[in-house]
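Quick notes on the structure that follows.
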There are 2 protein chains.
Amino acid sequence: MAASDHLALDDQLCFALYAAQRAMTRAYAPLLEPLGVTYPQYLALLVLWEADGVLVRELGDRLALDSGTLTPLLKRLEERGLVTRQRGTDDERVVRIHLTPAGKALRQEARKVPIALACRAGFDPADKRARAALAALRGELRALAERLEEPAA
Amino acid sequence: MAASDHLALDDQLCFALYAAQRAMTRAYAPLLEPLGVTYPQYLALLVLWEADGVLVRELGDRLALDSGTLTPLLKRLEERGLVTRQRGTDDERVVRIHLTPAGKALRQEARKVPIALACRAGFDPADKRARAALAALRGELRALAERLEEPAA
DNA sequence: CGGCATTCAATTGTGCACAATTGACTTGCA
DNA sequence: TGCAAGTCAATTGTGCACAATTGAATGCCG
């Protein structure tokens with residue numbers, strides 16, 4: 001038996017990534033529960049808080065999600081009264097997403113979320129070295145994602 | 001407006017993790033397609049190739065998945081003729097998963113998958129430094145996941 | 001001007017994740 | 001011994017992800 005042909009679960013970067021991502025989402029859940037939004041909905045709101053009035057397509061570019069995921073997600077945010085969805089007037093193919101007053105107000109509630117999570121992850125936001133380590137990890141993950149998406153098709 | 005209160009999408013480690021994980025899964029898809037299994041099914045097979053005959057609970061411990069996810073996943077693997085599921089005889093609560101000959105044989109097909117993926121991610125398997133960097137990243141992700149799961153409940 | 005390719009969001013269908021519950025089975029302890 | 005607590009896999013219901021298709025709207029090119 002080929003004991004070492006790189007098929008050991010614990011050797012897989014992919015599994016470490018998979019497990020860490022799910023642990024992260026689970027860690028966010030109790031912090032987002034008071035806001036009444038899910039983790040992907042929270043990501044969409046992060047984009048909207050930076051750029052209110054974006055198109056569904058632009059949101060999709062930013063989050064690497066397609067309309068198959070975003071359309072129902074945005075409908076749920078609309079049902080909760082956090083955003084509005086309206087067809088473009090000049091270009092009737094597009095749909096523009098705007099924050100409602102409630103959606104804008106939710107940003108204040110959300111400010112404590114990243115701090116609470118950093119705390120839970122054992123990062124001291126005041127520690128310069130910890131912040132640098134976090135930024136380095138983030139950079140490595142971004143570089144990895146870019147390399148994975150790039151080649152061929 | 002508080003321009004810098006840590007709510008910028010690109011500052012979020014969580015988003016880098018989320019995006020990288022999905023990029024990874026998408027990168028695996030074309031490699032797993034010839035095997036006829038999905039990415040989570042592949043992870044379950046990695047466990048089974050290491051430890052044939054494990055219980056559903058043990059598989060769940062290993063992958064951090066519950067029966068709500070594993071039961072249907074394993075039923076699909078059973079339908080494809082890769083595993084069998086049978087109630088324990090001594091303890092009738094548990095279900096034991098065994099690889100079929102086809103399931104065992106698939107391991108040979110799978111051996112090229114991690115190599116192909118490493119290649120796609122721009123890692124040279126022969127480069128000692130690249131392997132060390134990969135191991136370091138894996139370790140950081142594991143440590144992060146552990147810190148996120150640990151505290152309170 | 002006409003028509004063909006392209007760009008959009010929406011829809012359809014499959015397969016995870018995960019919380020919560022269910023119900024069978026086992027264990028431990030009074 | 002009996003029963004209460006705990007352990008299992010399965011089920012139910014919600015919400016992503018994503019491939020593939022649809023159909024409307026736009027842009028381009030002759």
Side-chain angles (χ1 to χ4, degrees), chain A residues 15 18-30 32-33 36-45 54-61 63-80 83-97 145 149 153, chain B residues 15 18-30 32-33 36-45 54-61 63-80 83-97 145 149 153:
Chain A
F15 176 61
Y18 170 81
Q21 197 280 323
R22 290 191 301 120
M24 182 69 83
T25 301
R26 283 193 298 268
Y28 265 96
L32 295 177
E33 194 268 327
V37 297
T38 66
Y39 177 70
Q41 290 168 10
Y42 168 73
L43 294 179
L45 287 173
V54 292
L55 308 180
V56 171
R57 176 185 56 76
E58 293 166 338
L59 200 50
D61 289 344
L63 299 174
L65 291 172
D66 63 12
S67 66
T69 300
L70 286 176
T71 296
L73 185 152
L74 292 168
K75 280 184 182 173
R76 284 186 281 269
L77 286 180
E78 188 181 34
E79 279 170 20
R80 284 170 209 241
V83 306
T84 61
R85 305 184 310 128
Q86 52 189 18
R87 284 271 164 204
T89 49
D90 48 333
D91 185 341
E92 291 190 11
R93 288 171 303 181
V94 306
V95 167
R96 201 170 285 279
I97 309 297
E149 276 160 0
Chain B
F15 177 61
Y18 169 81
Q21 198 280 323
R22 290 191 300 119
M24 181 70 83
T25 301
R26 283 193 297 268
Y28 266 96
L32 295 177
E33 194 267 329
V37 297
T38 65
Y39 177 70
Q41 289 168 10
Y42 168 73
L43 294 180
L45 287 173
V54 292
L55 307 180
V56 172
R57 175 185 56 77
E58 293 167 338
L59 200 50
D61 289 345
L63 299 175
L65 291 171
D66 62 12
S67 65
T69 301
L70 287 176
T71 296
L73 185 153
L74 292 167
K75 279 184 182 173
R76 284 186 281 270
L77 287 180
E78 188 180 35
E79 279 169 20
R80 282 168 211 242
V83 307
T84 61
R85 304 183 311 127
Q86 52 189 20
R87 283 271 164 204
T89 48
D90 49 333
D91 185 341
E92 290 189 12
R93 289 170 303 181
V94 305
V95 167
R96 201 170 285 280
I97 310 298
E149 276 160 0

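In what follows, every chain begins at residue 1, and chains take the letters A, B, ... in the order their sequences are listed.
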Under 3.5 Å: donor-acceptor pair, side chain of A/R96, backbone of A/R87: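 Looks like no, no N/O pair under 3.5 Å.
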A/R76 (side chain) donor-acceptor with A/Q41 (main chain) under 3.5 angstrom: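 Side chain of A/R76 to backbone of A/Q41, a donor-acceptor pair under 3.5 Å: no, none is there.
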If I take atom [atom1] in residue [X] and atom [atom2] in nucleotide [N], what distance separates them, rounded to the nearest angstrom?
{"X": "A/R96", "N": "C/dA9", "atom1": "CZ", "atom2": "C1'", "answer": "14 Å"}
{"X": "A/E79", "N": "D/dG15", "atom1": "CD", "atom2": "C1'", "answer": "12 Å"}
{"X": "A/L55", "N": "C/dT7", "atom1": "CG", "atom2": "C1'", "answer": "12 Å"}
{"X": "A/E33", "N": "D/dT14", "atom1": "CD", "atom2": "P", "answer": "17 Å"}
{"X": "B/Q21", "N": "C/dC16", "atom1": "CD", "atom2": "C1'", "answer": "11 Å"}
{"X": "B/Q41", "N": "C/dA17", "atom1": "CD", "atom2": "C1'", "answer": "14 Å"}
{"X": "B/E92", "N": "C/dC25", "atom1": "CD", "atom2": "P", "answer": "6 Å"}
{"X": "B/L63", "N": "C/dC18", "atom1": "CG", "atom2": "C1'", "answer": "15 Å"}

Here's a test of your reading of the structure: between B/S67 and B/L73, which maps to the more 5' nucleotide of DNA chain C?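 So the residue in question is B/L73.
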Under 4.0 Å from OP1 or OP2 of [N]: is there any side-chain N or O of [X] that close?
{"X": "B/K75", "N": "C/dT14", "result": "no"}
{"X": "A/R22", "N": "D/dA17", "result": "no"}
{"X": "A/R26", "N": "C/dA17", "result": "no"}
{"X": "A/R85", "N": "C/dA9", "result": "no"}
{"X": "B/Y18", "N": "D/dA17", "result": "yes"}
{"X": "B/T71", "N": "D/dA10", "result": "yes"}
{"X": "B/R93", "N": "C/dT22", "result": "no"}
{"X": "A/R76", "N": "D/dC16", "result": "yes"}
{"X": "B/T38", "N": "C/dT14", "result": "no"}

Kindly determine whether A/R26 and B/E149 satisfy side chain to side chain contact (heavy atoms under 4.5 Å, CB included), including the steps that lead there. CA-CA 8 Å; A/R26 283 193 298 268; B/E149 276 160 0; 3.0 Å; yes
Would you compute the distance between atom CG of A/L63 and atom CG of A/L70 and round it to the nearest 0.5 angstrom?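 Reported value, rounded in 0.5 Å steps: 6.5 Å.
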5' precedence on DNA chain D between A/T89 and A/G68 (nearest-nucleotide basis):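 It is A/G68, whose closest nucleotide lies nearer the 5' terminus.
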Closest heavy-atom contact between A/S67 and A/P72?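 Closest heavy-atom pair between A/S67 and A/P72: O-CD, 3.9 Å.
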Quick check for you: among D/dA9, C/dA9, C/dA17, whose closest atom lies nearest to any side-chain atom of B/P40?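 Selected nucleotide: C/dA17.
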When we call it a touch if two heavy atoms are under 4.0 Å apart, what does B/L70 touch: a base, just sugar-phosphate, or nothing?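 Nothing, no heavy atom under 4.0 Å.
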Hey, does A/D66 reach any base, or is it just sugar-phosphate, or nothing, if we go heavy atoms under 4.0 Å?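 Base, at least one base atom sits under 4.0 Å.
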Please verify the inter-ring angle class for A/Y18 with B/Y39; under 30° counts as parallel, over 60° as perpendicular, anything in between as tilted.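 Ring orientation, 0 to 90° scale: perpendicular.
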